[in-house]
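Any value given below was found using the heavy atoms of this structure, including those in side chains, with hydrogens, waters and symmetry copies removed. Within every chain, numbering begins at 1; the chains are lettered A, B, ... in the order of the sequence lines, protein sequences first and strands thereafter.
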Protein chains: 2
Amino acid sequence: MTDFTIRCQNCSFNHLCIPVSLNNTEMNSLDEIIERKRPLHKNDQLTVPGQKFTSLFAVRSGSFKSYITSSDGEQQITGFHFPGDIVGFDGLYSDQYQSYTQAMETSMICELPYEKLDQMSAQLPTLRREMLKIMSTEINQDHSMMMLLNKRTAEERLAHFLTTLSDRFSNRGFSAVEFNLTMTRNEIGNLLGLTVETVSRLLTRFQKENIINVDGKLIHIVDIVGLKQKLGDPSSAVSCSEKFGTHN
Amino acid sequence: MTDFTIRCQNCSFNHLCIPVSLNNTEMNSLDEIIERKRPLHKNDQLTVPGQKFTSLFAVRSGSFKSYITSSDGEQQITGFHFPGDIVGFDGLYSDQYQSYTQAMETSMICELPYEKLDQMSAQLPTLRREMLKIMSTEINQDHSMMMLLNKRTAEERLAHFLTTLSDRFSNRGFSAVEFNLTMTRNEIGNLLGLTVETVSRLLTRFQKENIINVDGKLIHIVDIVGLKQKLGDPSSAVSCSEKFGTHN
DNA sequence: CGCCGTTTTGAGCAGCATCAATTGAAGTGG
DNA sequence: CCACTTCAATTGATGCTGCTCAAAACGGCG
């Protein structure tokens, strides 16, 4: 597809992405099979349940949410995705994607056709291993999430969410203390098993406690230590870091 | 190791296990690398967090629970495992298992040394694909679990749990309507984000409503239709079937 | 400017947790 | 083999966290 002259080599998120464990030669082979497509706009669907599984996708810019739905119309967000994240693993199960993956803003993706990826992985042990590793990470994150949902209070959940976002942005070279939420309060609540009202109330509470500053979608973390004290659990298995954007 | 003259070929759970998509030749190669070890006893740990990742494990008989712990001592059960289930995928992430996997009764396992499995998978596309597929299933199940925990009432959660157990036993050739719980009420509650008391109260309520019969650990499902009516969600993405024993 | 989706704030309520006590079952050792 | 200990399960009384319902303020966009 259109190239846009982007290569894994000079991608600023390659340390988070599939290439992380590949050497230069391997990265070049990977580059060969990647299709870089035109941007998606806000609310565009990258995958939809039932759609034939063909590819994994790496987020190049922007942000996505993944969610599943139940037959009675309930919606459950399973993760938010930022640059470097891989999505689409849910599709391997039955050769059909199981989730919606929707752009939360104008975003770009790298498409990794699975057949080619699979063939490459037969030759490259590191690639083979890396894919399993990413899926394993996802599984561990989901397990941490189960603990968060079952054992933590609303306050602890939101504190986890904010510190995790902070970590993720930091990993990507963005500010760890000031960032824009691309998701609504409603979506945050959906992920965390809380209502909008509770999320809103907690954000204002945190602000009153001089832990954060909230200006609409803009979050400024004033007292990161105070925020971390609100985590029920100082450090869980997979640290919940990178959790809130589970590869789906 | 001691052989016990069990082979995948004649294992009554091979339709649920890794061999499901392999042909006879492939299954034989797999058999070559499997180590069948002596039985584990109740409460024995198959894996422990931090332990070096070496193998995946297939449950051959008995049952296991997997759980993670947080630094403040909280424990979160992430799944129950029955014959044919594969456990250990959590270890790929950092070359160390992340969870405890503990026998709930006297149980047998097949050990699949990962290095050998990986080498085999370079040659066998079906095996390669199958491993990813199993992990993908696990991820989808975990996502269903998130919806269950975030959106369903206590009653709906327990109804889900019971129907899922029923399905899983049925898949394994056991009775779908009468089975023994190998886990305690406490462990059920832990998985479902409920307290022991709530689980106990609900079981007695279901019994009063003539939906099930409870005699200690022995559950008899009297009215499967009535039970399914209690599910908030008649059919979710991965049906939550096979969910409650997530491969960890 | 006016509309609509999002966010905030308040008041009241309920589902499930917590605390407490009893019973039952299982395992242990004398 | 039985007494004792320990753990699991049941049942009741009470309370709290976070949900529900409602309404107003805000903000982006055509």
Side-chain angles (χ1 to χ4, degrees), chain A residues 41-43 65 74-77 102 104-106 147-162 180-209 212-219 230 232, chain B residues 41-44 63 65 74-77 80 102-106 147-162 180-209 212-219 230 232:
Chain A
H41 299 105
K42 185 170 178 168
N43 296 333
K65 66 169 172 176
E74 293 267 27
Q75 207 166 298
Q76 177 61 54
I77 295 180
Q102 187 174 30
M104 295 193 295
E105 60 188 315
T106 302
M147 167 148 345
L148 191 71
L149 298 177
N150 278 350
K151 299 279 192 307
R152 304 295 168 201
T153 65
E155 190 173 88
E156 289 166 342
R157 292 185 211 180
L158 190 65
H160 260 285
F161 178 76
L162 291 174
N180 255 296
L181 300 177
T182 53
M183 68 291 295
T184 66
R185 309 278 196 269
N186 199 0
E187 289 166 335
I188 296 172
N190 185 293
L191 179 75
L192 299 177
L194 305 170
T195 58
V196 208
E197 294 93 329
T198 302
V199 172
S200 176
R201 274 185 254 271
L202 287 173
L203 284 174
T204 50
R205 187 197 298 176
F206 286 175
Q207 185 163 30
K208 278 180 189 153
E209 294 172 343
I212 61 175
N213 235 308
V214 185
D215 178 17
K217 299 260 180 198
L218 185 65
I219 301 287
K230 290 201 172 283
Chain B
H41 299 104
K42 184 168 178 169
N43 296 332
D44 284 353
S63 51
K65 65 170 172 177
E74 293 268 26
Q75 207 165 299
Q76 178 59 55
I77 294 180
F80 298 124
Q102 186 173 32
M104 296 194 294
E105 60 188 315
T106 302
M147 166 150 341
L148 191 71
L149 297 178
N150 278 351
K151 298 281 192 304
R152 304 295 169 202
T153 65
E155 190 174 88
E156 289 165 343
R157 292 185 211 179
L158 189 64
H160 260 284
F161 178 75
L162 291 175
N180 255 295
L181 301 176
T182 53
M183 68 290 294
T184 66
R185 309 279 196 271
N186 200 357
E187 288 166 336
I188 296 172
N190 185 292
L191 179 75
L192 298 177
L194 305 170
T195 57
V196 207
E197 294 93 328
T198 302
V199 172
S200 176
R201 274 185 253 270
L202 287 173
L203 284 175
T204 51
R205 187 196 298 177
F206 286 176
Q207 185 163 31
K208 278 181 190 152
E209 294 172 343
I212 61 174
N213 233 308
V214 185
D215 178 17
K217 299 260 181 195
L218 184 67
I219 302 286
K230 289 201 173 283

Exercise for the section: Assess whether one donor atom and one acceptor atom, taken from the side chain of A:Arg205 and the base of C:dT9, lie less than 3.5 Å apart. Expected result: no
Between [atom2] on [N] and [atom1] on [X], what's the gap in Å once rounded to a whole number?
{"X": "A:Glu74", "N": "D:dC19", "atom1": "CD", "atom2": "P", "answer": "13 Å"}
{"X": "B:Leu149", "N": "C:dC16", "atom1": "CG", "atom2": "C1'", "answer": "14 Å"}
{"X": "B:Leu202", "N": "D:dG12", "atom1": "CG", "atom2": "C1'", "answer": "16 Å"}
{"X": "B:Phe206", "N": "D:dT10", "atom1": "CZ", "atom2": "C1'", "answer": "16 Å"}

Problem - Derivation of the side-chain contact (heavy atoms from CB on, under 4.5 Å) call for B:Leu194 and A:Asn150 - result: CA-CA 8 Å; B:Leu194 305 170; A:Asn150 278 350; over 6 Å; no
Problem - Ion pair check, A:Arg185 and A:Glu197, cut-off under 4.0 Å - result: no
Practice task
Please determine if B:Glu156 and B:Lys230 form a salt bridge, counting it only when a charged side-chain N lies under 4.0 Å from a carboxylate O.
Solution key: no
Phosphate OP1/OP2 of [N] contacted by [X] side-chain N/O (<4.0 Å):
{"X": "A:Ser200", "N": "C:dT6", "value": "no"}
{"X": "B:Arg185", "N": "D:dA9", "value": "yes"}
{"X": "B:Lys217", "N": "D:dA8", "value": "no"}

Check every atom of [options] against the side chain of [X] and return the nucleotide holding the closest atom.
{"X": "B:Thr198", "options": "C:dC16, C:dT18, C:dT7", "result": "C:dC16"}
{"X": "A:Glu197", "options": "D:dA9, C:dA17, D:dT20", "result": "D:dT20"}
{"X": "B:Thr184", "options": "C:dT8, D:dT11, D:dA8", "result": "D:dA8"}

Fill in the blank from the handout: Note: for B:Arg201 and B:Asn186 on DNA chain D, the residue whose nearest nucleotide lies more 5' is B:Asn186
Problem - Steps toward side-chain contact (heavy atoms from CB on, under 4.5 Å) verdict (B:Met147, B:Arg152) - result: CA-CA 7 Å; B:Met147 166 150 341; B:Arg152 304 295 169 202; 4.1 Å; yes
Practice task
With side-chain contact (heavy atoms from CB on, under 4.5 Å) as the test, would you mind laying out the steps for A:Leu158 and A:Phe206 before giving the verdict?
Solution key: CA-CA 10 Å; A:Leu158 190 65; A:Phe206 286 175; 3.9 Å; yes
Practice task
For a side-chain contact (heavy atoms from CB on, under 4.5 Å) with B:Thr182, tell me which candidate from B:Lys65, B:Glu187, B:Lys42, B:Met104 qualifies.
Solution key: B:Met104
Problem - Flag for A:Asn190-A:Gln75: side-chain donor and acceptor within less than 3.5 Å - result: no
Exercise for the section: Measure the angle between the two terminal helix axes of the helix from C:dC1-D:dG30 to C:dG30-D:dC1, five base pairs each, and quote it to 10°. Expected result: 40°
Practice task
With heavy atoms under 4.0 Å as the rule, sort A:Leu194 into base, sugar-phosphate or nothing.
Solution key: sugar-phosphate
